[in-house]
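Working notes, beginning with the structure itself.
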Amino acid sequence: MCGIVGYTGLKNARELLLDALSRLEYRGYDSAGIAVSGPEGVRVLKTEGRLQNLRQAASQAVPPLEGCCGIGHTRWATHGEPSDVNSHPHSTPRVSIVHNGIIENYGLLKERLAAKGYTFQSETDTEVLVKLIDSCYTGDPLRALQQALAKVRGSYALAVLFRDYPDTIFAVKRESPLIVGWGEGENFVASDIPALLKYTRKYSVLEEGDMAVCTTEGIRFYNEFGEPVERQQLTADWDIEAAEKGGYPHFMLKEINEQPAAIMATVSPRVEDGLPVLRIPELTDEVLRGIGRVHLVGCGTAMHAGMVGKSAIETLARVPAEVDIASEFRYRDPILEKNDLVIIISQSGETSDTLAALKLAKSRGVPVLAIVNVVGSSIARAADYVMYTYAGPEIAVASTKAYMVQMCVLYLFALRLAYARGRLNEAETRRYTAQLLRAPEVIKPRLADCEQIKYLASRYVNTQSCFFIGRGFDYALSLEGSLKLKEISYVHSDAYAAGELKHGTISLITDGVPVIALATQKQVYEKTISNAKETRTTVSGSRYFEAAAPADLFPPSEPRKAVRYYYRCFLRTCQKMGVFFPSSADSQTIEQQSQKFFRPESLGQLRQVRRVYIKARYSDDPVQEQDVQQIKSAYEYLKDEQEEMDKR
């Protein structure tokens with residue numbers, strides 16, 4: 001979660017560092033700090049809490065914090081509680097550093113440094129690291145860094161200032177993302193691209209063990225042995241506007257609404273003459289036919305996308321597939337055969353555990369396909385094959401559009417694999433591909449009409465615990481939904497395969513605990529709803545609601561609820577037909593949308609649905625059984641037309 005920035009140039013480093021840190025606030029943090037090299041040496045300022053606290057402290061600093069070179073950091077506490085003293089940067093009189101990552105052997109190092117006379121004020125591993133570097137420093141910064149880091153076990157991205165080199169930033173990377181940015185008469189260091197976009201779109205990615213020396217005149221690179229090396233200069237394919245909120249109240253909502261465009265950008269270029277193409281010359285149909293087993297590896301959301309990919313690959317192509325959490329894959333000594341394929345999934349392309357899993361697969365001689373969003377990332381460069389997801393920047397910590405396009409790419413791969421191996425004929429492959437291409441249009445109406453979602457959220461806003469259940473694809477989606485709820489609301493949430501809920505876990509469902517049952521698959525719909533109903537039987541006060549369920553099974557008995565139930569089913573049928581019908585639709589919108597139907601009577605059916613729904617939703621008048629029958633018959637009429645459209 002931590003963020004690093006660094007600047008050397010001719011501008012006021014204090015203001016630039018504060019601005020760059022503000023572009024990393026989305027990552028979450030509990031404290032922030034900066035170190036600026038100026039006429040009086042390196043001065044450090046750091047505060048607990050929001051970045052505004054640091055701005056205020058910097059504006060009140062006496063004498064003013066002036067200088068043209070500096071480093072900054074936003075911290076998410078790992079070692080030591082959030083506090084001013086535990087915040088970064090950490091310093092000695094000669095060295096100041098900011099650090100992302102974890103030093104695993106810091107306890108032993110701390111004991112050895114204490115024996116040499118070093119004292120410690122904080123609880124952090126970073127203070128141990130800066131004093132270790134200081135203990136190795138004899139005037140040559142690169143040598144000091146090499147010697148110190150040779151004693152370190154763990155991961156790190158470092159930006160370092162030495163008092164003797166007032167206009168130079170030293171950057172070091174191992175298993176934690178770090179980039180340098182190229183400017184005119186100025187250069188930058190950052191942990192993520194958005195921090196730099198206001199100032200430059202040109203950047204280079206540090207490779208494992210790299211050290212970079214940044215001055216106003218340029219950037220020099222050295223490998224872990226101290227040998228000069230060259231690193232490719234890349235150009236970010238998105239600008240500062242793409243990294244702004246664009247009128248939305250927060251990044252996550254913006255990115256949720258960008259999903260249709262992201263899907264279109266990712267899928268459309270990979271469809272040719274109605275068939276999926278991977279756009280990887282080396283990954284031919286002959287190679288696909290020779291694959292023995294597919295291993296899908298990722299962390300968190302990427303792993304959940306992999307679960308969907310596994311189901312798609314096995315269902316469509318009948319090729320055995322396994323899904324692994326990257327942090328487990330790298331340590332469990334997996335069985336990998338030469339004709340297997342490992343698919344590595346990562347939004348950033350820098351996820352440490354996922355990169356380690358990739359290296360393990362490569363060391364076993366197994367080919368690796370990377371599905372990543374960032375061009376030139378470490379995973380993209382290390383993989384044998386790459387399929388990019390064109391989602392653009394994903395600023396929110398909780399992934400939304402990246403998850404969606406990862407699933408789309410995995411479906412494209414599954415379809416091509418099935419076609420190449422003869423499991424799907426050309427007509428079937430075209431049909432599935434066409435449905436994937438339609439996904440953006442199906443999603444748009446759901447995003448445009450969020451009233452039901454807001455209503456449900458308002459009902460459960462005070463819940464302290466929640467359960468998600470589902471079967472098959474819905475189970476993978478349940479895991480992702482549960483993760484999202486935890487990430488953005490800090491509400492305890494768990495997800496289970498629906499059939500497993502009764503094996504012990506159901507005892508945790510107490511009065512008032514909501515159970516969200518995802519039931520989008522007809523073949524297991526009744527089973528899933530039966531599992532959901534078990535929670536009501538066991539605990540009278542529990543509540544459940546199901547998502548995307550067919551209307552003809554288990555409709556509510558209370559008329560007003562039944563009307564709203566059939567209305568939701570009616571909307572889902574409209575979406576399948578490409579008809580935009582929001583709850584706020586006026587008469588003109590209804591008439592325009594009805595033109596998409598084949599039957600002339602559809603306009604009357606739409607008006608009938610609208611009239612009954614308004615009565616049930618907004619009126620105090622009693623809802624009669626005849627109202628239920630009217631909206632049900634309109635839904636069934638529309639369902640018949642949908643089936644007719646599918647045949648045509």
Side-chain angles (χ1 to χ4, degrees), residues 4 6 8 71 92 94-106 108-109 112-113 125-126 128-162 164-165 167-182 187-191 203-215 217-234 330 349-365 368 376-383:
I4 287 176
T8 179
I71 54 178
T92 70
R94 301 188 297 175
V95 187
S96 295
I97 72 170
V98 292
H99 164 225
N100 286 357
I102 294 177
I103 307 304
E104 296 174 2
N105 61 333
Y106 84 102
L108 177 62
L109 295 172
R112 292 178 177 176
L113 290 167
D125 55 344
T126 305
V128 175
L129 183 56
V130 71
K131 291 182 177 178
L132 178 64
I133 295 169
D134 183 87
S135 72
C136 297
Y137 181 58
T138 58
D140 183 344
L142 289 179
R143 185 174 179 79
L145 289 168
Q146 276 185 288
Q147 291 179 348
L149 296 175
K151 303 174 183 178
V152 167
R153 186 172 69 251
S155 62
Y156 47 80
L158 304 176
V160 188
L161 295 179
F162 287 84
D164 299 339
Y165 295 79
D167 64 345
T168 305
I169 301 173
F170 297 84
V172 193
K173 173 245 168 93
R174 180 173 297 281
E175 296 185 7
S176 195
L178 197 64
I179 62 174
V180 292
W182 299 82
N187 290 298
F188 308 84
V189 177
S191 55
Y203 68 99
S204 295
V205 179
L206 274 67
E207 297 189 5
E208 288 301 289
D210 272 1
M211 294 183 286
V213 181
C214 304
T215 68
E217 297 174 354
I219 303 174
R220 304 190 307 276
F221 298 94
Y222 300 87
N223 63 20
E224 58 185 326
F225 305 108
E227 302 165 339
V229 292
E230 297 293 327
R231 294 297 176 231
Q232 182 182 4
Q233 188 178 112
L234 305 169
R330 62 185 292 195
E350 301 291 344
T351 313
S352 175
D353 286 323
T354 311
L355 183 58
L358 181 152
K359 291 177 180 177
L360 173 63
K362 296 272 287 184
S363 71
R364 303 279 184 88
V368 175
S377 58
S378 298
I379 288 175
R381 287 182 285 112

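The figures that follow rest on heavy atoms only: side chains count, while hydrogens, waters and symmetry mates do not.
Here the CD1-CZ distance, from Ile179 to Arg231, works out to 15.0 Å after rounding to the nearest 0.5 Å. Summarising the geometry, atom OG belonging to Ser96 is positioned 10.5 Å from atom CD1 belonging to Ile133; distances are rounded to the nearest 0.5 Å. The line from CD1 of Ile219 to CG of Asn187 is 4.0 Å long, rounded to the nearest 0.5 Å. For the atom pair Lys131 NZ and Thr92 OG1, the distance stands at 8.0 Å (nearest 0.5 Å). From Ile379, atom CD1 reaches atom OG1 of Thr354 across 5.0 Å, with rounding to the nearest 0.5 Å. The line from OH of Tyr165 to CZ of Phe170 is 6.5 Å long, rounded to the nearest 0.5 Å.
Under the 3.5 Å distance criterion, the side-chain polar atoms of Asn223 are matched with a main-chain donor or acceptor of Gly226.
Looking at Arg153, Arg174, Lys151 one by one, the single match for salt bridge (charged side-chain N to carboxylate O under 4.0 Å, His left out) with Glu104 turns out to be Arg153. Test Ile4, Leu161, Val160 against Ile71 for side chain to side chain contact (heavy atoms under 4.5 Å, CB included) and you get one pass: Leu161.
Under the rule for a side chain to side chain donor-acceptor pair (under 3.5 Å), the partners of Glu207 that lie at least two apart in sequence or sit in another chain are Arg381.
Contact check for Lys359 versus Arg364: no side-chain heavy atoms found under the 4.5 Å cut-off. Under the 4.5 Å side-chain criterion, counting only non-hydrogen atoms from C-beta, Asp353 is in contact with Arg330. You'll find the side chain of Leu360 reaches within 4.5 Å of the side chain of Ser363, heavy atoms only. A 4.5 Å side-chain heavy-atom check between Thr168 and Phe162 finds every atom pair outside the cut-off. With a 4.5 Å cut-off on side-chain heavy atoms, Gln232 and Leu234 count as touching. Contact check for Ser176 versus Tyr156: no side-chain heavy atoms found under the 4.5 Å cut-off. Looking at Phe221 and Ser204, their side chains come closer than 4.5 Å, going by heavy atoms from C-beta outward. Within the 4.5 Å cutoff, no side-chain heavy atoms of Leu149 are placed close to those of Glu224.
Under 4.0 Å is where a charged nitrogen must lie from a carboxylate oxygen, and between Arg220 and Glu230 no such pair does. Under a 4.0 Å N-O distance rule, the pair Arg94/Asp164 does not qualify as a salt bridge.
Closest approach of Ile169 to Gly6, counting heavy atoms only: CD1-C, 3.7 Å. Between Tyr106 and Val128, the shortest heavy-atom distance links the atoms O-CG1, 3.8 Å. Between Val95 and Ile97 the shortest heavy-atom distance is CG1-CG2, 4.0 Å. Nearest heavy-atom pair across Gly349 and Ser377 is CA-OG, 3.4 Å. Of all non-hydrogen atoms in Val172 and Leu178, the two that sit nearest each other are O-CD2, 3.4 Å. Residues Leu132 and Ala148 approach most closely at CD2-O, 3.4 Å, considering heavy atoms.
In the model, Glu350 has a side-chain atom that pairs as donor or acceptor with a side-chain atom of Ser378 under 3.5 Å.
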- Does the pair Val152 and Leu129 meet the rule for a side-chain contact (heavy atoms from CB on, under 4.5 Å), with working shown? CA-CA 8 Å; Val152 167; Leu129 183 56; 3.8 Å; yes

- Step by step, would you call Val213 with Met211 a side-chain contact (heavy atoms from CB on, under 4.5 Å)? CA-CA 7 Å; Val213 181; Met211 294 183 286; 5.9 Å; no

- Message: The test is side-chain contact (heavy atoms from CB on, under 4.5 Å); show your working for Tyr222 and Leu145 and say whether it passes.
- Response: CA-CA 12 Å; Tyr222 300 87; Leu145 289 168; over 6 Å; no

- Test Asp125 against His99 for side-chain contact (heavy atoms from CB on, under 4.5 Å), laying out the working first. CA-CA 9 Å; Asp125 55 344; His99 164 225; 3.8 Å; yes

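Open room surrounds CZ on Arg143; 12 or fewer heavy atoms of other groups in view lie less than 6.0 Å from it.
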